Structures are given as C-alpha cells and as structure tokens.
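Read through the structure below, which is laid out as structure tokens, and then see the notes.
These numbers were taken from a predicted model, which means no experiment stands behind them.
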Amino acid sequence: MIIEIERLQLYYSAFHALKNVNLSIPENRVTAFIGPSGCGKSTLLRTLNRMNDTIPGVRIEGEVTIQGRNIYGSETEVEFLRKRVGMVFQQPNPFPKSIYDNVAYGPRLHGVTKKAELDGIVERSLRSASLWQEVKDVLKKSAWSLSGGQQQRLCIARALAVEPEILLMDESTSALDPISTTKIEELTRELREKYTIVMVTHNMHQAARISDRTVFFLNGEVVEASDTEALFRSPVDQRTEDYISGRFG
Amino acid sequence: MNLPETRPSADPATPRNAPATAGAPAPKPAGKAAKHRLEEWRGQAFVYLCVLLLVVIIFSIVVFIASRGLTPFVSQGVSVKEMLFGLEWAPEADHPMFGALPFLFGSFSTSLLAAIIAAPLGICAALFMTEMMPKLGKTILQPAIELLAGIPSVVYGFVGLSVIVPFLRHTFPGQGVGIMAGAIVLSVMILPTITTIATDALRSLPAGLKEGSYALGATRWQTIARIILPTTLPALLTGVVLGIARAFGEALAVQMVIGNAPHIPHSLFESATTLTSIITLSMGNTTTGSLHNNALWSLALILLLMTFLFVFIVRMLERRSKHA
Ligand SMILES: Nc1ncnc2c1ncn2[C@@H]1O[C@H](COP(=O)(O)OP(=O)(O)O)[C@@H](O)[C@H]1O
Ligand SMILES: [Mg+2]
C-alpha cells in the first residue's frame, strides 16, 4: 500500500466535507473514486498532494501517509510532496507558453537547466503521454494552439516530467470528446505500469473499464472500497448497489 | 470656447442620419406589438443621438485644437523643427522664439520617472492584495489606494511643496524643486491607476493556471515570477501606460513643485517645467489670435497627439493580451 489514509476529517470552515475516511491505495494500480457530485471525491484527491492547503478556512484532522511518511507532518515539504504526487485537472490547463516550455516547466522549477537534459525529459514525457508523434515538429508552438484532448495529454506529460510516483487525475476526461477520452483511458492503463494512479470520475463505466480498485463515496464518507470487478459484480452495501444500478446520482 | 468651423458641418449630419432609423416603426400591427416597436425605436433613436452628439463633441475639440495649434506653423512663420528641438522659449521677445524641447523633456522625464517609481509599488500592492493576503488587502490596502485617487491635485501639489521639496533640498544638492519632486508627486497620483488595473488583471487570471503551477511543486514566488507576471504582463503594462498618460496630462500638482524654469535642467533637483505647466502659467497673459497664444495651442496639440499615442499603445497591448 503506497497511500494510507486514517481517520481523515476535513472541514471547509464549518462544513464537514470528509467524515472519518479510512482508505488504502495500492501501488501501481488504478484506483477510481466514484460517487454523486458533491460527495467529496475531489476534496479527498486534493488532500493527497495538499492542494487544499491553499484554500482559506480548510481544517484537516487525521493522517495521510505516503510510503510510511505522514504528509501532514511538520517535516514534509509541500513542494517536494507535489513533485512526487502529480495532478491532472478536470479542465486542461496548459500554461500560455510553448509546448516545450510547458513540459520543461516542472524540471526547471526543480533545478534542471541543461538543454540536453531538458530535451531528453521533454521527449520522454511527451512519448509517455502518447503525444510525441503529434507535436514533435511544433514544440515551439503555443500550447494553447492544441486541441482540448491534446492539451490534456500535454498536462499529463507536464506532470510526468517531474517523475512523480503517484498521479492524481480529477475527472480528467470529462471536458473532452469521446475519441480523446478513449486515448486518455488507454494511456492511463499504460501508465499504471510505472505509476500509481488515483482518478476521480463521475462516469461509472469509465471506472469499470480502466480501474483496478474502486471506492464509492457518499456525503463525505467512504461507503465501499474493493476490487473494481467485485464492486460492480456484487456490491456489499445497499447504497453502492443503488448507485451503480443507476437508481440515484 | 466657440466652435465656429465645426458647428455648420455637424448640424446637417443629424437629419441625414435620422431617416435610416425612422424607417423602423411599422404602421399597421395594432396593440402591444406596435407599442413595443415604437418604444424600441425611441430607445434606439435616443442612443444614436447621444452617440452622435458625443462624436461631434470629440471631433470638434480635436479640430479646434488642431486648427489653433497648427496656425503658428502654417501662417505665422514658426517651424515645426524649431518647436520640437529648439531650446529657447521667448514668445514675447523682439525676435520671438518657440523652442519647446525643455517642456517636452520635462513632461517626458517626470512622467516616465513617476512610472518607474509607481509601477513596482503598484504591481507589488496588487500582488499582495490578490496572491498574498487577499483579506487584509481588500479591507485595508485597496480602500487606502482608492482614497489616493480621490485626493485633488492641488492637495498633492501642496503636500509636495511643503514636504517633498524641503526634504529633497536638504538631502540632495540643488533647490529641491524639479523633476524628481514632480515625479514623486506624480508617482503617488498614478499609483491607484496602476494598482487597480494590475489587481483586475491578476484577479481575472484563470485559477487553473496557478493550480497547475503549484501542483508541479512550484513555490508561491516561483508561480508569481514564472506564470502570473508573464501571463498578465500586457495588462500590467496597460496600467503603467495609462498611468504615464495621466502623469503626462497632470498640470497643477507638477507645476507647484517643479520650479517652472523654461530650460533643460542639469540635475533632477533643479528647476524645470512641463508642457502643461507652461500652458496653465501663460494662458491668462496672452490675447486670443496672437502668436504667443497660438503657440500655446501648439503645445496643447502636442499633448493631444501624445494622448493618441498612449491610447494606441494601450490598444496594442490589449490585443496582445487577447492573443496570448
Ligand atoms: N473551496 C470550498 N469551500 C467550501 N466548500 C467546498 C469547497 N470545495 C468543495 N466544497 C464542498 O465540499 C463538498 C465536496 O466537494 P467536492 O470534493 O468538490 O465534490 P466532488 O468532487 O465529489 O463532486 C461539496 O459539498 C462542496 O460544495
Ligand atoms: Mg469533483
């Protein structure tokens, strides 16, 4: 288990958004968070790279450990944590820079300056995100000139460029067309060989297609967490069954 | 101000434009539809009329300033070269001279220096209010800066004269009055313009860009320097250019602290003057139609052209920020 979440409580000021979450996330697997909108999937995902730190009024109790280290401990450097735990957002958010500079952004932050080294990282990351063939001749072009699907793969490449161990994806296909979605789903399956992937999706079929583990949330609580096949074939909790059979949400 | 040459050309324009909109009301459809259409037509006609009036006013002002300002060059024997590059301003002498370079120099140096002082202050204040302490910024800093915008120029001039000028006189060699004093006063006056525009630009930055940077392990300062500032640069520059434009056109406050000696100073702490100062100081002592009076209009024309230039630069910057 690469990530262990124990007795996690999260409050947005007075609002209790995550209620006593206990969860283990296995290494080199795709774990999917499903559940109706507003149930706290994104909130939990963002506790894993401490992106909630920037929101005023957030209070967190409990423990999140990654490879045995409490990421909310005083010795954790949040910048270093985020280098190890990459994130891809719902809306593609490439920087208004060239394709090359987007991918090189992270490595440069962390001190890589040699051109040859950066070139290597950029090519490798774009290949891992299956984007290299499409952009190798236009690396100097603005990232904003790419299509939405390409932009999202660029954001994946950008995240991979800092060599994370874990990749968080928050509904990363929901703003994309079906063909781009399929591409990113295939990519996710490939990436699992080298990375631990935690993804949020509001699309149960997507979770069933590409995840190894599925976690079902409701109102800030984990209702059920198990192997994807088992969860969809024979859910234990009545609420899970209601949700996956489409009775609500 | 009388507008002899533009009035006649403006009036016929009104009836010529009116029939185009007058075709709108339909005669037949009874009841509500007809009433709506009439209201629609009335509203449109009113808006068109207001716009037309506005255009006529702007056009008249430009034509008026241009016609007066060009007279010295066209029919009174002053050369453009003399005005732009001449160093001697002696309009009432036996051999009158109209070198406005010292005024141009004064206007440009005070405005640019003011921008150099105010831009970092304003942009840092905006960063503080948007990125660092939004709460404190909104409740204290923003109202304080907006207050600056409401203080009348004469008060700025007065404070400058009684605080800044003596301070400069005691600290640096020179009389205290001069370009530095003018620039300091102007920098405070243009601070609200720069800060407000910078704050708007920073607030309208898509949140996703910042999150994307933080998610890669960037610190706040790295995010500011590598994403926020480069992305908003055209908008930040727009604020600075508008600030310069405001400084360029300010008359009273500068005039009170700059000393008003009509030559190019040897240091920032020596008496100098600006286009606006010389116009306000001399205007009352000339008679309409005299060469001196028309030469002042030439200075006004230069100010107007500079304003056009600033507006043009702002437009270019806006276009660039849309393409980014
Ligand atoms: N920044 C915030 N401030 C206050 N409440 C928030 C904030 N973000 C999310 N919430 C609330 O927390 C709950 C969970 O949100 P979220 O994790 O985004 O849900 P999900 O991703 O499952 O749709 C929702 O009720 C939402 O309104
Ligand atoms: Mg969400």
Side-chain angles (χ1 to χ4, degrees), chain A residues 42 45-46 48-57 77-98 101-111 125 142-145 151-152 154-164 166-170 175, chain B residues 123 126-142 197-239 316-324:
Chain A
S42 299
L45 199 70
R46 292 162 62 93
L48 303 180
N49 65 344
R50 292 186 51 175
M51 284 299 280
N52 290 324
D53 286 19
T54 54
I55 300 170
E77 250 187 82
V78 69
E79 286 80 26
F80 187 62
L81 169 73
R82 289 181 188 148
K83 181 178 175 301
R84 292 173 58 204
V85 184
M87 185 166 220
V88 180
F89 297 82
Q90 178 168 2
Q91 289 292 334
N93 60 350
F95 303 129
K97 299 174 184 290
S98 71
D101 287 338
N102 262 275
V103 183
Y105 183 82
R108 279 178 177 146
L109 287 178
H110 300 289
S125 309
S142 165
W144 286 11
S145 65
Q151 287 189 6
Q152 196 62 303
L154 178 66
C155 291
I156 293 174
R158 187 174 75 183
L160 298 181
V162 294
E163 299 176 351
I166 300 167
L167 194 60
L168 310 174
M169 301 173 78
D170 192 350
Chain B
I123 291 168
L127 280 172
F128 182 83
M129 289 192 281
T130 53
E131 301 302 320
M132 290 153 150
M133 318 219 67
K135 251 201 186 135
L136 198 66
K138 248 201 180 122
T139 50
I140 297 175
L141 196 55
Q142 191 164 5
I197 292 175
T199 309
D200 288 347
L202 294 175
R203 288 222 175 100
S204 64
L205 192 70
L209 287 184
K210 283 186 259 175
E211 283 203 313
S213 174
Y214 288 126
L216 287 165
T219 60
R220 178 148 65 192
W221 175 244
Q222 285 174 323
T223 303
I224 289 174
R226 300 180 189 210
I227 299 293
I228 298 178
L229 290 181
T231 308
T232 52
L233 188 65
L236 299 179
L237 287 179
T238 300
M316 296 299 287
L317 287 169
E318 271 169 0
R319 198 176 306 163
R320 256 197 59 196
S321 60
K322 266 181 209 130
H323 280 267

Enter the distance from B:T219:OG1 to A:R82:CZ here, rounded to the nearest 0.5 Å.
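Rounded to the nearest 0.5 Å, the OG1-CZ separation comes to 10.5 Å.
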How long is the span from the OH atom in A:Y105 to the CD1 atom in B:I227, to the nearest 0.5 Å?
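It comes to 4.0 Å.
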Taking all non-hydrogen atoms of both residues, which atom of A:A159 and which atom of B:L216 are closest, and how far apart?
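The answer is CA-CD2, 3.9 Å.
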For A:R158 and B:G212 the tightest heavy-atom approach is NH2-CA, 4.0 Å
Which atoms of [X] approach chain B - backbone, side chain, both or neither, heavy atom under 4.5 Å:
X	value
A:P94	backbone
A:F89	side chain
A:V88	neither

Apply salt bridge (charged side-chain N to carboxylate O under 4.0 Å, His left out) to A:D101 and list each qualifying residue two or more places apart in sequence or on a separate chain.
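A:D101 satisfies salt bridge (charged side-chain N to carboxylate O under 4.0 Å, His left out) with A:R108 once adjacent residues are dropped.
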Check whether more than 12 heavy atoms from other residues, nucleotides or ligands sit under 6.0 Å from atom CD of B:Q222, and answer yes or no.
yes
Tell me whether A:H110 contacts the main-chain N or O of B:A218 through its side chain, where contact means a donor paired with an acceptor under 3.5 Å.
no
Within residues 197-211 of chain B, residues adjacent to chain A where the heavy-atom gap is under 4.5 Å:
B:G208, B:L209, B:E211
If I measure from the heavy atoms of chain A, does B:R226 come under 4.5 Å with its side chain, its backbone, both, or neither?
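Contact with chain A is through both the backbone and side chain of B:R226.
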Note: vs chain B, highest number of non-hydrogen pairs under 4.5 angstrom among A:V162, A:N93, A:L109 is A:L109
